[in-house]
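The structure appears right after this line, and notes come after that.
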Number of protein chains: 2
Amino acid sequence: MKRNSRLSSALHILTHMAEADARSLTSQHLASFIHTNPVVVRRTIAGLREAGIVSSTRGPGGGWQLSRPPEEITLAEVSAALGESLLPFSTEPESPGCLVEEAVIAMLEEFRSEAERLLAEKLGRYTLADLATDYRKRFDRIGVTRHAV
Amino acid sequence: MKRNSRLSSALHILTHMAEADARSLTSQHLASFIHTNPVVVRRTIAGLREAGIVSSTRGPGGGWQLSRPPEEITLAEVSAALGESLLPFSTEPESPGCLVEEAVIAMLEEFRSEAERLLAEKLGRYTLADLATDYRKRFDRIGVTRHAV
DNA sequence: CCTATTCGTAACTAATTAAGTTACATGAAA
DNA sequence: TTTCATGTAACTTAATTAGTTACGAATAGG
């Protein structure tokens with residue numbers, strides 16, 4: 001798996017879960033979609049469970065399901081639940097006492113805070129249902145997909 | 001130096017260059033501002049030279065200067081010249097043939113392209129002159145700074 | 001209850017990336 | 001022609017993230 005692919009991996013997994021409807025999918029099964037192993041999947045989507053986006057059940061027949069209909073799950077929520085900023089440039093002080101650095105950090109933090117608001121607003125317009133719809137369009141056009149859903 | 005601090009490092013350096021006015025500053029000197037070494041500085045700002053933001057001269061008395069007045073250098077330009085996206089989430093295909101992944105990637109790329117436009121627009125409103133002004137405000141208030149400028 | 005299944009998580013290893021360093025060639029000024 | 005400064009390749013070190021192993025906890029079904 002490549003770097004910084006957690007958002008895309010999570011959405012891939014969630015869209016498969018949306019397609020699976022009420023059936024729950026095991027970590028093993030989800031892992032096969034993104035070519036990794038079950039532990040990585042659990043780690044990746046643990047935050048989504050805490051955010052009330054997915055729920056997991058243990059034991060035979062257990063696995064993962066969406067906690068809500070895909071229409072009600074926005075990409076903004078998913079992104080936030082993953083717990084990393086979309087704008088990962090650092091604003092950590094490295095030259096304590098330097099007023100130039102202070103000015104730079106203040107400006108970048110102001111920018112980041114405005115920008116994150118904008119990005120969340122934009123991401124809030126997309127839902128998992130949109131993704132599922134687009135997937136089905138592609139399926140109807142091509143008539144085959146690699147994974148069993 | 002921490003990760004992903006290239007934007008903040010570059011702005012720190014550039015603001016010192018703005019304050020130095022016409023004097024040119026050596027890589028060694030710039031490096032001391034961000035507590036690293038000259039080679040890292042040259043690497044960091046090489047892209048800025050190619051973008052026409054700074055110019056460098058060799059030999060005795062040489063070093064780095066802004067190519068234009070700080071009023072005319074926006075943070076959008078600086079960010080672009082560093083050559084890395086502000087939104088570094090991956091959209092590389094990892095499951096070729098999976099239509100779900102294709103749908104996810106298409107949506108994320110649409111989002112990224114819109115978002116980058118928005119961010120560039122926001123960053124275009126800040127200039128190096130704004131940074132220098134803020135620095136001077138801080139200096140007037142506190143009356144001391146760590147670096148010799 | 002006992003067993004099989006599945007998640008939860010800690011601990012370790014491997015791979016990747018970025019920063020830091022060394023070394024040396026190139027060019028300019030006095 | 002000597003000294004100073006950048007340009008850059010090559011290498012080393014440090015940090016981060018993914019991947020793996022191992023095992024404990026919970027649950028369904030007989």
Side-chain angles (χ1 to χ4, degrees), chain A residues 1-10 12-13 17 20 23-51 53-67 81-86 88-90 92 94-95, chain B residues 1-10 12-13 17 20 23-51 53-67 81-86 88-90 92 94-95:
Chain A
M1 199 193 284
K2 272 200 63 177
R3 272 197 150 187
N4 282 322
S5 58
R6 288 185 55 193
L7 180 57
S8 130
S9 295
H12 187 165
I13 286 171
M17 286 167 63
R23 279 173 293 154
S24 65
L25 298 173
T26 65
S27 302
Q28 174 62 65
H29 200 168
L30 295 172
S32 73
F33 293 144
I34 59 171
H35 299 118
T36 183
N37 73 63
V39 177
V40 173
V41 167
R42 289 184 204 125
R43 218 154 43 188
T44 302
I45 62 180
L48 305 183
R49 182 182 52 231
E50 279 142 38
I53 294 168
V54 298
S55 55
S56 57
T57 52
R58 294 175 169 188
W64 300 82
Q65 284 178 277
L66 297 183
S67 299
L82 291 175
E84 19 183 69
S85 173
L86 287 174
F89 58 81
S90 167
E92 288 300 301
E94 290 168 11
S95 307
Chain B
M1 198 193 282
K2 272 199 64 177
R3 273 194 152 192
N4 279 323
S5 58
R6 289 186 53 193
L7 179 57
S8 131
S9 295
H12 187 167
I13 286 171
M17 285 168 62
R23 278 172 295 153
S24 65
L25 298 173
T26 66
S27 302
Q28 175 61 64
H29 201 167
L30 295 172
S32 73
F33 293 143
I34 60 171
H35 299 117
T36 181
N37 72 64
V39 176
V40 172
V41 168
R42 289 182 205 129
R43 218 153 44 189
T44 301
I45 61 180
L48 306 182
R49 182 183 51 230
E50 280 143 37
I53 294 168
V54 298
S55 55
S56 57
T57 52
R58 294 175 168 187
W64 299 81
Q65 284 178 278
L66 298 183
S67 299
L82 291 175
E84 19 182 69
S85 174
L86 286 174
F89 58 80
S90 166
E92 287 299 302
E94 289 168 11
S95 307

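Convention: sequence-line order gives letters A, B, ...; per-chain numbering from 1. Quick note: numbers below take in every heavy atom, side chains included, and nothing from hydrogens, waters or symmetry partners.
For the pair B/Ser27 and A/Pro60, nearest-nucleotide mapping onto DNA chain D gives the more 5' position to B/Ser27. Residue-to-nucleotide proximity on DNA chain C shows that, of A/Ala46 and A/Gly59, the 5′-proximal contact is made by A/Gly59. Between A/Arg49 and A/Arg43, the residue anchored nearer the 5' end of DNA chain C, judged by the nucleotide with its closest heavy atom, is A/Arg49.
Closest approach of A/Gly62 and A/Ser24 over heavy atoms only: O-OG, 3.3 Å. Scanning both residues, B/Leu30 and B/Met17, for their nearest heavy atoms gives CD2-CG, 3.9 Å. Nearest heavy-atom pair, A/Pro88 versus B/Leu86, reported as atom, atom and distance to 0.1 Å: CD-O, 3.7 Å.
For the OP1/OP2 pair of D/dT6 and a distance below 4.0 Å, the side-chain nitrogens and oxygens of B/Arg42 include at least one atom meeting the criterion. Remark: B/Asn37 is not in phosphate contact with C/dG20, judged by side-chain N or O atoms under 4.0 Å from OP1 or OP2. Considering only side-chain N and O atoms, B/Thr26 lies nowhere under 4.0 angstrom from the phosphate OP1 or OP2 of D/dC4. Listed pair B/Ser56 / D/dG7 meets the phosphate criterion, a side-chain N or O lying under 4.0 Å from OP1 or OP2.
Rounding to whole angstrom units, CD1 of residue B/Ile13 and C1' of C/dA19 are separated by 14 Å. When rounded to the nearest whole Å, the span between CD of A/Gln28 and C1' of C/dA4 equals 16 Å. Here D/dT17 presents its P atom at 13 Å from CG of A/Leu82, a figure rounded to the nearest Å. Summarising the geometry, the separation between CD on B/Glu94 and P on D/dT17 is reported as 16 Å, rounded to the nearest angstrom. Distance CH2 (A/Trp64) to C1' (C/dT5): 15 Å, rounded to an integer number of Å. Rounded to a whole Å, the CE atom of A/Met17 is 11 Å from the P atom of C/dC7. When rounded to the nearest whole Å, the span between CD of A/Glu50 and C1' of C/dC7 equals 14 Å. One atom, CG of B/Asn4, and another, P of C/dA19, lie 8 Å apart when rounded to the nearest Å.
Comparing D/dA25, D/dT21, D/dA18 by their closest approach to the side chain of A/Arg58 singles out D/dA25.
Checked by atom type and distance alone, the side chain of B/Ser5 never pairs as donor or acceptor with a backbone atom of A/Glu92 at under 3.5 Å.
In this structure, the side chains of B/Ser8 and A/Ser90 stay at 4.5 Å or more apart for every pair of heavy atoms.
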